[in-house]
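Here the structure is laid out as structure tokens; the discussion comes afterwards.
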Amino acid sequence: MLSSGLLGLTGFGGQRAASAEDKASYRQSNTEDARHAPSMEHLQANQIGMRALKDSELAVSVYPTFTYDASGGGGIADAHDLGDGRLHVKFDADTLYIPDVYYKTAKFLGAPMAPPFRIKIKPVKLEGEINRTTGEAALEFIANFMFTAGPLYKAPPLYVVTKLTTEEVQGTRRHGKGTRLDADGFSRLVGCATVPKTDSWPIDKFLMLPDETFAVMAAQFVFPSA
């Protein structure tokens, strides 16, 4: 369903034609991604790490939820002790790495995402609180989602602001429940947010923006050795 709709997207009137710079960027993005999460082997006492894991999910608008392998992603946060096991954490958005959503990392209904389509995720903010005593976590996540359909179409960034939590979220179409951190830092965070219009008719029409996005992030939080 989604593939056929996306193929139709490149034929919409009023789309922004890709420039030579866009095409060069597309060719570069289709080479093996050399980006990676920062090393977490030598965390400082005032830092924590986060590793993104395989069993993540993403859904937008009325389209089916797709599975997403985010393994290899992650980042490092400065951590401030608030007492009673609570930490305020702020990740470095410049080094926080989230793998692209494309045919190697995403599947719809068991089938790989069609090769021309790719979503780059550029984090702006990941900050909030983790309670090591209860395992609860609540993080504000802000990012630009940049969609391309081959070298011919590049949509304006989708600006997403959401709260990722280990607790429960309820959207208009979807419901999710996270999993609190276990003794090894493994957890499942869920979030639901409204994606605003981009003022680009093709992507707004296809995704029926403004509309809802729903995300599940499987992650392991890494704490410095005592």
Review point. Taking only residues two or more places apart in sequence, or in another chain, which ones meet D69 in a salt bridge (Lys or Arg N to Asp or Glu O under 4.0 Å)?
Key: none
Review point. Going only through I, L, V, M, F, W and Y residues with side-chain contacts under 4.5 Å, is there a path from I76 to L53?
Key: no
**Study point:** Quiz item: cation-pi between R132 and F223, 6.0 Å / 45°
**Key:** yes
Review point. Do the side chains of E168 and H175 get nearer than 4.5 Å, heavy atoms only?
Key: yes
Review point. Taking the side chain as C-beta and beyond, is there a heavy-atom pair between I98 and P123 under 4.5 Å?
Key: yes
Point to revise | Atom pair CZ/NZ of R180 and K177 - distance to nearest 0.5 Å | key: 7.5 Å
Review point. About how many Å separate NE2 of H88 and NE2 of H80, when rounded to the nearest 0.5 Å?
Key: 9.0 Å
Exercise for review: May I ask you to test the M146-I119 pair for a side-chain heavy-atom distance under 4.5 Å?
Suggested key: no
Check your understanding: Are any non-hydrogen side-chain atoms of M50 and F91 less than 4.5 angstrom apart?
Key -> yes
Exercise for review: Might you work through the side-chain contact (heavy atoms from CB on, under 4.5 Å) test for V62 and M208, ending with a clear yes or no?
Suggested key: CA-CA 9 Å; V62 299; M208 293 170 278; 3.2 Å; yes
Exercise for review: Could you walk me through whether R173 and D211 pass the salt bridge (Lys or Arg N to Asp or Glu O under 4.0 Å) test, one step at a time?
Suggested key: CA-CA 10 Å; R173 293 190 184 90; D211 209 326; 2.6 Å; yes
Check your understanding: Does any N or O in the side chain of T134 come within less than 3.5 Å of the main-chain N or O of E136, such that one atom is a donor and the other an acceptor?
Key -> yes
Review point. Is the shortest heavy-atom distance from the side chain of F66 to the side chain of M113 under 4.5 Å?
Key: no
Check your understanding: Under 6.0 Å from the CD atom of E41, do we count more than 12 heavy atoms belonging to anything else shown?
Key -> no
Check your understanding: So, E167 versus T165: side-chain donor-acceptor pair below 3.5 Å or not?
Key -> no
Review point. Can any side-chain N or O of D184 pair as donor or acceptor with the backbone N or O of F186 at less than 3.5 Å?
Key: no
Review point. Between T65 and A59, is there a donor-acceptor pair closer than 3.5 Å when you use the side chain of the first and the backbone of the second?
Key: no
Check your understanding: Is it true that D100 and K120 have a side-chain N and a carboxylate O under 4.0 angstrom from each other?
Key -> yes
Check your understanding: Are V160 and F141 close enough that some pair of their side-chain heavy atoms sits under 4.5 Å apart?
Key -> no
Exercise for review: Would you please name every residue forming a side-chain hydrogen bond (donor to acceptor under 3.5 Å, both in side chains) with T172, sequence neighbours left out?
Suggested key: E212
Check your understanding: Got more than 12 heavy atoms from elsewhere within 6.0 Å of CG, D84?
Key -> no
Exercise for review: Find the distance between CD (Q47) and NE2 (H42) and round it off to the nearest 0.5 Å.
Suggested key: 12.0 Å
**Study point:** Shared hydrophobic cluster for L139 and L58 (ILVMFWY, side-chain gaps under 4.5 Å)
**Key:** yes
**Study point:** Where S187 and F221 come nearest, the two heavy atoms and their spacing
**Key:** OG-CE1, 3.4 Å
Check your understanding: Should L87 and L164 be counted in the same cluster of Ile, Leu, Val, Met, Phe, Trp and Tyr side chains packed under 4.5 Å apart?
Key -> yes
Exercise for review: List the atom of F214, the atom of G176, and the distance in Å for their closest heavy-atom pair.
Suggested key: CZ-CA, 3.8 Å
Review point. How long is the span from the CG atom in L82 to the CD1 atom in I130, to the nearest 0.5 Å?
Key: 11.0 Å
Review point. Same hydrophobic cluster for V195 and F117, using side-chain heavy-atom links shorter than 4.5 Å among ILVMFWY?
Key: yes
Review point. Do you know the tightest heavy-atom contact between V161 and A193?
Key: O-CB, 3.0 Å
Practice item. Tell me whether V124 is reachable from L126 by hopping between hydrophobic residues (I, L, V, M, F, W, Y) whose side-chain heavy atoms are closer than 4.5 Å. Key: no
Review point. When you measure from the side chain of D204 to the backbone N and O of T198, does any donor-acceptor pair fall under 3.5 Å?
Key: yes
Revision key, fill the gap. Closest non-hydrogen contact found for L109 with P64 is CD2-CB, 4.4 Å
Point to revise | Side-chain donor/acceptor of Y68 to backbone N/O of P99, under 3.5 Å | key: yes
Exercise for review: Identify, with sequence neighbours excluded, every residue that meets side-chain hydrogen bond (donor to acceptor under 3.5 Å, both in side chains) alongside D78.
Suggested key: none
Review point. Looking at side-chain heavy atoms only, is the closest gap between R51 and M40 below 4.5 Å?
Key: yes
Exercise for review: Measure the spacing between OG of S200 and OH of Y153 and express it to the nearest 0.5 Å.
Suggested key: 3.5 Å
Exercise for review: Find out whether K125 and E140 are in side-chain contact, i.e. whether some heavy atom of one side chain is under 4.5 Å from a heavy atom of the other.
Suggested key: yes
Exercise for review: Give a yes or no answer on whether the side chain of T213 reaches the backbone of V60 with a donor-acceptor pair at less than 3.5 Å.
Suggested key: no
Check your understanding: Between T166 (side chain) and A137 (backbone), is there a donor-acceptor pair under 3.5 Å?
Key -> yes
Review point. Any idea which heavy atoms bring A218 and S56 closest together, and the distance?
Key: N-OG, 3.2 Å
Review point. For the side chain of T179 and the backbone of R188, is there at least one donor-acceptor N/O pair under 3.5 Å apart?
Key: no
Check your understanding: Which value, rounded to the nearest 0.5 Å, describes the distance between K197 atom NZ and K205 atom NZ?
Key -> 11.0 Å
Point to revise | Exercise: identify the closest heavy-atom pair between G49 and L43 | key: N-CD1, 3.7 Å
Practice item. May I ask you to check whether Y63 and F206 place their ring centers less than 6.0 Å from one another? Key: yes
